[in-house]
A.B. asks: 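This is the structure I have questions about; it appears just below.
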Amino acid sequence: MPELPEVETVRRDLEPFLRGRVVRSVAITRDRAVRRQPHADFIAALRGRRLTDVRRHGKFLIVDLDGEDALVVHLRMSGQLRVARPADELAKHTHVVVDFDNKTQLRFVDPRTFGEMFVDPLDEHRRPNALRFLGPDAVNDKLSAVAFHALLLGGRTTATVKAALLDQNSLAGVGNLYADEALFAARVHPKRLAASITSAEAAAIRKELRRILAAAIKARGSSFNDGGYVDAYGNPGAFAQRHKVYGRNGQACPRCGSAIEKIVVAQRGTHFCPSCQSLPTVRESRRVAR
DNA sequence: CGATCTACCTGATGGC
DNA sequence: TGCCATCAGGTAGATC
């Protein structure tokens, strides 16, 4: 499932490929792939436009058009953006094909159809209107430790720290996998109340999160056998083998040897080490018991 | 208001 | 072997 490192890898693949290209035609073969606007509007907004840049905010890709709007893409669970030539075999679940002026194509492939594309106006900060709700990007250098702590607290009362990390309105880009890995590295229990996180703990979570995201980008993301995430050329990333807890329930904790457990937190499968991630206080345990 | 629940999907997996 | 039930997961929108 693409999260920040995977989307960033795709962005880096696509930038040299898309920059300067002019859209010749657009074909939508699955209605749901473009659902925020009429298909005709989407196609008309793209045809004849030149692509000037490829950016990312959280898990959203933003492809700038020459003007005041952008093509926005979210891969959700199973979406892929693939570069291709017109003669290349069409993969199953290909829902959108964009043809360019140099006989190349960008293809949107998405088995679970949760992903989507849309064209959206940019505001004065060149942010798409629909992405105004997003918090700062998780790898934004300007996000200080103090600001990060404030984001985690965020007026929350009963929400867990894991829920806070997953909240894209607070912090953009962290999904289930990297939330688990960061909390393990920072030795913070996923069920801890966000409101109880100290500044020292927040600093540790921020530091580990940034370290892990950077390492995952360097490894070109996390891929699984389910064929979910691959880069723009169809190649898997190499970071999954370095996961410490995600998908490793029952295995030995690499730090203390205890068995990794899988529980449900914030309605998500959550992996953690019960002995070396600080336990919630008794009072917190009672609050988040259900 | 914050927090939680549900819908949206399909491929993979497990049980019988 | 085949069939069915279950699960996974990000976000929007509804509900608590």
Side-chain angles (χ1 to χ4, degrees), chain A residues 1-8 10 29-37 56-62 72-81 91-96 108-118 120 128-135 137-138 150-182 190-197 213 221-230 236 240 243 245-250 262-271 284 286-290:
Chain A
M1 60 243 89
E3 300 181 25
L4 188 154
E6 292 74 33
V7 179
E8 176 63 17
V10 172
T29 49
R30 175 87 180 204
D31 288 352
R32 252 176 69 76
V34 177
R35 52 185 182 266
R36 295 202 193 203
Q37 64 205 144
R56 181 190 58 73
H57 189 146
K59 305 171 197 170
F60 288 85
L61 267 176
I62 303 163
V72 180
V73 185
H74 199 300
L75 303 174
R76 288 296 216 285
M77 309 307 306
S78 60
Q80 301 176 5
L81 284 173
K92 195 178 179 186
H93 306 298
T94 299
H95 305 322
V96 180
F108 179 60
V109 181
D110 186 14
R112 293 186 199 173
T113 76
F114 281 23
E116 62 169 328
M117 307 177 102
F118 55 97
D120 205 27
N129 285 339
L131 308 193
R132 274 206 253 251
F133 68 91
L134 289 180
D137 191 83
L151 288 182
L152 285 187
L153 298 176
R156 273 174 262 261
T157 52
T158 61
T160 59
V161 63
K162 170 143 180 180
L165 285 173
L166 293 177
D167 183 353
Q168 303 298 299
N169 300 283
S170 295
L171 183 70
V174 180
N176 199 40
L177 191 170
Y178 294 103
D180 283 3
E181 291 295 318
K191 274 197 166 185
R192 284 282 305 284
L193 291 190
S196 79
I197 296 298
L213 292 175
S222 299
S223 294
F224 299 93
N225 295 331
D226 63 7
Y229 160 74
V230 290
H243 295 167
V245 290
Y246 186 84
R248 298 197 183 283
N249 36 311
K262 183 178 181 185
I263 58 175
V264 175
V265 182
Q267 288 83 242
R268 296 280 175 272
T270 298
H271 313 73
E284 284 180 355
R286 212 180 296 134
R287 286 204 77 162
V288 300
R290 57 190 145 178

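In what follows, chains carry the letters A, B, and so on, assigned in the order in which the sequence lines appear, proteins first and then strands, with residues in each chain numbered from 1.
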A.B. asks: A/G269 near the nucleic acid: base, sugar-phosphate alone, or nothing, with a heavy-atom cut-off under 4.0 Å?
C.D. replies: sugar-phosphate
A.B. asks: Measure CG/A/L193 against C1'/B/dG2 and give the value in whole Å, please.
C.D. replies: 13 Å
A.B. asks: Between C1' on C/dG9 and CG on A/L166, what's the gap in Å once rounded to a whole number?
C.D. replies: 10 Å
A.B. asks: ring-ring contact (aromatic ring centres under 6.0 Å, His included) with A/F114: which residues, sequence neighbours excluded?
C.D. replies: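 Testing A/F114 for ring-ring contact (aromatic ring centres under 6.0 Å, His included), a comparison that skips the adjacent residues, returns none.
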A.B. asks: Rounded to the nearest Å, what distance is computed from the CG atom of residue A/D167 to the P atom of nucleotide C/dA12?
C.D. replies: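 It works out to 11 Å between those atoms.
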A.B. asks: Any idea which of B/dG11, B/dG2, C/dT11 is nearest the A/R76 side chain?
C.D. replies: C/dT11
A.B. asks: Looking at five pairs on each end of the helix from B/dG2-C/dC16 to B/dC16-C/dG2, what is the angle between the two axes, given to 10 degrees?
C.D. replies: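 Inter-axis angle at the ends, rounded: 50°.
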A.B. asks: Touch check for A/K262, heavy atoms < 4.0 angstrom, all strands: base, sugar-phosphate only, or nothing?
C.D. replies: sugar-phosphate
A.B. asks: Look at the side chain of A/R248 and the backbone N and O of A/H243, then say whether any donor-acceptor pair between them is shorter than 3.5 Å.
C.D. replies: yes
A.B. asks: Indicate, with a heavy-atom threshold strictly under 4.0 Å, whether A/R35 touches base, sugar-phosphate, or nothing.
C.D. replies: nothing
A.B. asks: Does the side chain of A/V10 reach to within under 4.5 Å of the side chain of A/P2, using non-hydrogen atoms?
C.D. replies: no
A.B. asks: Whole angstroms only, please: what is the CG-P distance between A/L134 and C/dA12?
C.D. replies: 8 Å
A.B. asks: Residues in side-chain hydrogen bond (donor to acceptor under 3.5 Å, both in side chains) with A/T113, at least two apart?
C.D. replies: A/R32
A.B. asks: Under the side-chain hydrogen bond (donor to acceptor under 3.5 Å, both in side chains) test, which residues partner A/D110, sequence neighbours left out?
C.D. replies: A/S78
A.B. asks: Can you check whether A/Q267 has a side-chain N or O nearer than 4.0 Å to OP1 or OP2 of B/dT4?
C.D. replies: no
A.B. asks: Check the phosphate of C/dG9 against A/Y246, side-chain N and O only, distance under 4.0 Å to OP1 or OP2. Yes or no?
C.D. replies: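 A/Y246 to C/dG9 OP1/OP2: side-chain N or O found under 4.0 Å.
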A.B. asks: Output all residues satisfying ring-ring contact (aromatic ring centres under 6.0 Å, His included) with A/H93, sequence neighbours left out; order by chain, then residue number.
C.D. replies: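 For A/H93, no residue satisfies ring-ring contact (aromatic ring centres under 6.0 Å, His included) once neighbours in sequence are set aside.
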A.B. asks: Keeping to residues at least two apart or across chains, list the salt bridge (Lys or Arg N to Asp or Glu O under 4.0 Å) pairs with something in residues 158-167 of chain A.
C.D. replies: A/R156-A/D167, A/K162-A/D180
A.B. asks: Evaluate the criterion side-chain contact (heavy atoms from CB on, under 4.5 Å) for residue pair A/T270 and A/K191; output intermediate values, then yes/no.
C.D. replies: CA-CA 10 Å; A/T270 298; A/K191 274 197 166 185; over 6 Å; no
A.B. asks: With sequence neighbours excluded, tell me which residues meet side chain to side chain contact (heavy atoms under 4.5 Å, CB included) with A/N249.
C.D. replies: A/K262, A/H271
A.B. asks: For A/A138, give me all partners under side chain to side chain contact (heavy atoms under 4.5 Å, CB included), at least two apart in sequence or on another chain.
C.D. replies: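 Once residues adjacent in sequence are excluded, the partners of A/A138 under the side chain to side chain contact (heavy atoms under 4.5 Å, CB included) criterion are A/L4, A/L171, A/V174, A/L213.
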A.B. asks: Listed by chain and number, what are the side-chain hydrogen bond (donor to acceptor under 3.5 Å, both in side chains) partners of A/E181, not counting sequence neighbours?
C.D. replies: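 Checked A/E181 against side-chain hydrogen bond (donor to acceptor under 3.5 Å, both in side chains); zero matches.
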A.B. asks: Rounded to whole Å, how long is the line connecting atom CG of A/N129 with atom P of C/dA12?
C.D. replies: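 Taking CG of A/N129 and P of C/dA12, I get 14 Å after rounding.
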A.B. asks: Whole Å only: how far is the CD atom of A/Q80 from the P atom of C/dG9?
C.D. replies: 18 Å
A.B. asks: Which comes earlier along DNA chain C counting from the 5' end, the contact point of A/F133 or that of A/T270, where each point is its nearest nucleotide?
C.D. replies: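 Comparing both residues, the 5'-ward one is A/T270.
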A.B. asks: Not counting sequence neighbours, which residues clear side-chain hydrogen bond (donor to acceptor under 3.5 Å, both in side chains) with A/Q168? List them please.
C.D. replies: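 Result, side-chain hydrogen bond (donor to acceptor under 3.5 Å, both in side chains) vs A/Q168: none returned.
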A.B. asks: If you restrict it to nitrogen or oxygen atoms, what contacts under 3.5 Å exist between nucleotides 7-10 of chain B and the protein, and what is each distance?
C.D. replies:
from	atom 1	to	atom 2	distance (Å)
B/dC8	O3'	A/R32	NH1	3.1
B/dC9	OP1	A/R32	NE	3.2
B/dC9	O5'	A/R32	NE	3.3
B/dT10	OP1	A/R30	NH2	3.0

A.B. asks: Between the protein and nucleotides 13-16 of chain C, which nitrogen or oxygen pairs come in under 3.5 angstrom?
C.D. replies:
none

A.B. asks: Taking the side chain of A/M77 as heavy atoms from C-beta outward, which of C/dA8, B/dC5, C/dG10 is closest to it?
C.D. replies: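 When the side chain of A/M77 is considered, C/dG10 is the closest of C/dA8, B/dC5, C/dG10.
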A.B. asks: Give a yes/no answer on whether the side chain of A/K59 brings an N or O atom under 4.0 Å of OP1 or OP2 in C/dG9.
C.D. replies: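 Answer no for this pair, as no side-chain N or O of A/K59 is under 4.0 Å from OP1 or OP2.
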A.B. asks: In whole angstrom, what separates A/L75's CG from C/dG10's P?
C.D. replies: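 Taking atom P of C/dG10 as the reference, CG of A/L75 is at 12 Å.
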A.B. asks: Over how many whole Å does the gap from A/Y229 atom OH to C/dG9 atom C1' extend?
C.D. replies: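 After rounding, the reported distance stands at 17 Å.
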